Structure formats: structure tokens, C-alpha cells
**Q** 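I'd like to ask some things about the structure below.
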Amino acid sequence: MLYIVPTPIGNLKDITLRALEVLQSVDGIICEDTRRTSLLLNHYQIKKPLLILNDFNEFKMVSQIVQRLQDGENMALISDAGTPLISDPGYKLVRECIQQGIKVDSLPGPSSVLTALTLSGLPPDKFMFVGYLPEKPGHRKDLLGKLEIINVKMPQTFIIFVAPHKLVGTLHDMQDAYGDIEVVLAKELTKIHQSVEGKKISEWLEILKSPKGEYVLLFHLP
């Protein structure tokens, strides 16, 4: 069986008893980065063989992992933080397992998307997780325009992941597309310096000089 196991997004205590039980019982753990995974496993004194699955080797590794699962091994798929597959590798592996008749189970657990949404003060009843915006400016502008069209049909909260070196540029693009709307920026979720705060885009641009850490950006169009 393949287990999809969420891991803490910051605070190492945010892991379920069931997740620990699965990680202790499987034959191997599939991860993105062995260094990040080792920090978690060492904290809970878990020693298991690690297999790397990332965007660069996913095509090659899927067949190898599927073969091991077909041979009767149980394996856990984890990401660096949070619930696997959410803007992380693993979708192709899960899809292939389903097609091959291999059992897959997904454990509930930490998610920066839901944590940020529930802390944002924005309407949580309908929301769209957009992931990372496209790299190319034209594609990014096109997507922001499509979100506005979607919002006309069904108003909702939009959630985006933003790398720190792209945050200021993203805010400028959003200001061009939507005007000086309020956006919520969440960072360091579940950690000591957790911050979830809403400001007008112009206000953020005044104070953001050298952003650090990954951001969850949320907004609700008028």
C-alpha cells in the first residue's frame, strides 16, 4: 500500500499519532529532500530507508516505486512540509498506483492552505487554491485576468503560494490587475514568529524590502 502522509508545516508537534504509526511501520519513505525529512524522522526516532522523488526524477522513479509496491512493500509518501501533492511531487505516482490497482490511503493532517485561510478573516465558504503563479509575465497576467472572470461567476477567496523573491513583483502585477485591493500575507505558519496580516497592496509595497520565507497570499475581489 502507498500511504500519503502529511507532515508539519513548521511546528514539529503538529503530526498525528496515526502519521507516526504509519511512518514507523512502512518499508520505506518517499520524500523530496532527505535532509528535511531526516530532521523530522530523527526528532521522532524513526529510521527508515529514504527514496527521493522530485520534479526532476519523478518520471524515472515512479516505475521503480510502483514495482516495489507491487512486490508487497508498504511505502509512505511525504513532502517537505504539509500535505503531499499540493504544489509538490507525487501526483503521477498516485495516479499510476490507482491505475495499477495498488491501494492508496491518504491521512488527514497539516496544510498551510487551510491554516492560512482560517486565520485570514476572509470568507472561507468558497475558495480556490491557485498554487504558484506562472513564471512568464504574460501568462501570469492572463491567469490573474481569468481569476477576475471566475470571481464574477462565483465570488470566492483566492489562495496563492509565493516565493519570497517573487513577492514584490507579484504584488505589483496584482495591483495592475485589480487596483489597490487588500491582500493577506501569511508566513512562518505554526512557528514562533507566525504572521497573518491583511493590508492594501500599496501598504505592503511600502514595507516589504527584502522578504524572506515562503508566503501564502490570500485575497477576495470586490
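Computed from a prediction, not measured in an experiment: that's the story for all the values here.
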**Q** Quick check: closest heavy atoms across P211 and V168, and the distance to 0.1 Å?
**A**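 The answer is CG-CG2, 4.4 Å.
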**Q** Please report, to 0.1 Å, the donor-acceptor pairs under 3.5 Å made by any side chain of residues 143-155, with sequence neighbours excluded.
**A**
residue, atom, partner, partner atom, Å
K146, NZ, D142, OD2, 3.2
N151, OD1, Q156, N, 3.2

**Q** With a 3.5 Å cut-off and sequence neighbours excluded, list the donor-acceptor pairs that the side chains of residues 11-21 form with protein atoms.
**A**
residue, atom, partner, partner atom, Å
N11, OD1, K13, N, 2.9
T16, OG1, A19, N, 2.9
R18, NH2, D105, OD2, 2.8

**Q** Can you name the nearest heavy-atom pair linking P110 to P6, along with the distance?
**A**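 So the two residues come closest at CD-CB, 3.6 Å.
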**Q** For the OG atom of S87 and the CD1 atom of I160, what is their distance to the nearest 0.5 Å?
**A**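 Atom-to-atom, S87:OG and I160:CD1 are 11.0 Å apart.
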**Q** Please examine the side chains of R36 and C31, heavy atoms only from C-beta on, and report whether any two atoms are closer than 4.5 Å.
**A**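 Of all side-chain heavy-atom pairs linking R36 with C31, none is under 4.5 Å.
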**Q** Which heavy atom of R35 sits nearest a heavy atom of D33, and at what distance?
**A**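 Closest heavy-atom pair between R35 and D33: N-OD1, 2.8 Å.
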**Q** Tell me if the NZ atom of K141 is crowded by more than 12 foreign heavy atoms within 6.0 Å.
**A**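 At most 12 heavy atoms, drawn from other residues, nucleotides or ligands, come within 6.0 Å of this atom.
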**Q** For Q24, give me all partners under side-chain contact (heavy atoms from CB on, under 4.5 Å), at least two apart in sequence or on another chain.
**A**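 Q24: side-chain contact (heavy atoms from CB on, under 4.5 Å) contacts with I46.
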**Q** What residues, two or more places apart in sequence or in another chain, satisfy salt bridge (charged side-chain N to carboxylate O under 4.0 Å, His left out) together with E73?
**A**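 E73 satisfies salt bridge (charged side-chain N to carboxylate O under 4.0 Å, His left out) with R68 only.
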**Q** As a quick check of understanding, evaluate side chain to side chain contact (heavy atoms under 4.5 Å, CB included) for I78 and L23, giving each step before the final call.
**A** CA-CA 10 Å; I78 68 174; L23 293 176; 4.1 Å; yes
**Q** Is a donor on one side and an acceptor on the other found under 3.5 Å between the side chain of D88 and the backbone of P84?
**A**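 Judged by distance alone, no pair lies under 3.5 Å.
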**Q** Between V162 and L171, does a side chain to side chain contact (heavy atoms under 4.5 Å, CB included) hold up when you go through it step by step?
**A** CA-CA 10 Å; V162 188; L171 290 172; over 6 Å; no
**Q** How close do P134 and H139 get, heavy atom to heavy atom, and via which atoms?
**A**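 Heavy atoms of P134 and H139 come nearest at CB-CB, 3.6 Å.
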**Q** Please answer: with hydrophobic residues joined when any side-chain heavy atoms are less than 4.5 Å apart, are I52 and L40 in the same cluster?
**A**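 No, it is not one cluster - the side chains of I52 and L40 are not joined through contacts under 4.5 Å.
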**Q** Tell me who clusters with F59, hydrophobic residues only, linked when side chains sit under 4.5 Å apart either directly or through other members.
**A**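 When side chains under 4.5 Å apart are linked, F59 ends up in no cluster with other residues.
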**Q** For K103, give me all partners under salt bridge (charged side-chain N to carboxylate O under 4.0 Å, His left out), at least two apart in sequence or on another chain.
**A**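 Scan of K103 (salt bridge (charged side-chain N to carboxylate O under 4.0 Å, His left out), adjacent residues dropped) gives none.
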**Q** Tell me whether the count of non-hydrogen atoms from other residues, nucleotides or ligands lying under 6.0 Å of CD in E135 goes above 12.
**A**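 No.
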**Q** Return the OG1 to CD distance between T37 and E32, rounded to the nearest 0.5 Å.
**A**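 So the gap between those two atoms works out to 8.0 Å.
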**Q** Would you mind reporting whether T118 and P124 have side-chain heavy atoms less than 4.5 Å apart?
**A**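 When only atoms from C-beta onward are counted, T118 and P124 do not touch, as no gap falls below 4.5 Å.
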**Q** If I compare all heavy atoms of P89 with all of D55, which pair ends up nearest, and what's the gap?
**A**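 For P89 versus D55, the nearest heavy atoms are CG-OD1, 3.6 Å.
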**Q** Does some side-chain heavy atom of V5 sit less than 4.5 Å from a side-chain heavy atom of V26?
**A**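 Contact flag for V26/V5 side chains = no.
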**Q** If I take atom NE2 from residue H172 and atom OG from residue S202, how far apart are they, to the nearest 0.5 angstrom?
**A**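 Taking NE2 in H172 and OG in S202, the distance rounds to 11.0 Å.
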**Q** Heavy-atom count around I192 CD1 within 6.0 Å, excluding the residue itself: above 12?
**A**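 Counting neighbours around CD1 of I192, 12 or fewer heavy atoms of other residues, nucleotides or ligands fall under 6.0 Å, so no.
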**Q** Residues two or more places apart in sequence or in another chain: which of them pass salt bridge (charged side-chain N to carboxylate O under 4.0 Å, His left out) with E197?
**A**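 K199.
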**Q** Side-chain contact test, heavy atoms from C-beta onward, threshold under 4.5 Å: evaluate it for K187 versus K212 and give yes or no.
**A**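 No. Closest side-chain heavy atoms not under 4.5 Å.
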**Q** Going from OG1 on T7 to CG on L107, what distance comes out if it is rounded to the nearest 0.5 angstrom?
**A**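 It comes to 11.5 Å.
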**Q** Can you tell me how far CZ of R140 sits from CG of D176, rounded to the nearest 0.5 angstrom?
**A**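 Answer for the CG-CZ pair, D176 versus R140, is 10.5 Å.
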**Q** Apply the test side chain to side chain contact (heavy atoms under 4.5 Å, CB included) to residues L217 and M174: give CA-CA distance (whole Å), side-chain angles for both, the deciding distance (0.1 Å), then the verdict.
**A** CA-CA 11 Å; L217 186 156; M174 291 181 62; 3.8 Å; yes
**Q** Can you measure from OG1 (T170) to NE2 (H165) and round to the nearest 0.5 angstrom?
**A**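 Taking OG1 in T170 and NE2 in H165, the distance rounds to 9.0 Å.
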**Q** Residues two or more places apart in sequence or in another chain: which of them pass salt bridge (charged side-chain N to carboxylate O under 4.0 Å, His left out) with R95?
**A**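 R95: no salt bridge (charged side-chain N to carboxylate O under 4.0 Å, His left out) contacts found.
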**Q** Under 4.5 Å between side-chain heavy atoms, chaining through other members, with only Ile, Leu, Val, Met, Phe, Trp and Tyr counted: pull out the rest of the cluster around V196, sorted by chain and number.
**A**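 The other cluster members (ILVMFWY side chains, heavy atoms under 4.5 Å, direct or chained) are I9, I86, V113, L114, L117, L119, L122, F127, F129, Y132, I159, F161, V184, L189, V216, L218.
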**Q** Heavy atoms only: give me the nearest F219-E182 pair and the separation to one decimal.
**A**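 In terms of heavy atoms, the two residues are closest at CB-O, 4.0 Å.
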**Q** For a 4.5 angstrom cut-off between non-hydrogen side-chain atoms, does Q175 reach D180?
**A**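 Yes, side chains in contact.
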**Q** Below 4.5 Å, heavy atoms only, C-beta onward: do L221 and F158 meet side chain to side chain?
**A**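 They are in side-chain contact.
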**Q** Could you list the residues that satisfy side-chain contact (heavy atoms from CB on, under 4.5 Å) with P123, not counting sequence neighbours?
**A**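 Once residues adjacent in sequence are excluded, the partners of P123 under the side-chain contact (heavy atoms from CB on, under 4.5 Å) criterion are D125, T157, H220.
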**Q** Could I get the full list of side-chain contact (heavy atoms from CB on, under 4.5 Å) partners for K191, not counting sequence neighbours?
**A**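 Per chain and number, K191 pairs via side-chain contact (heavy atoms from CB on, under 4.5 Å) with E188.
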**Q** Who else is in the cluster with I4 when I, L, V, M, F, W and Y are joined by side-chain contacts under 4.5 Å?
**A**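 Noted: I4 shares its cluster with L2, I30, L51, L53, M61, V62, I65, V66, L69, M75, L77, L85, Y91, L93, V94, I98, I102, V104.
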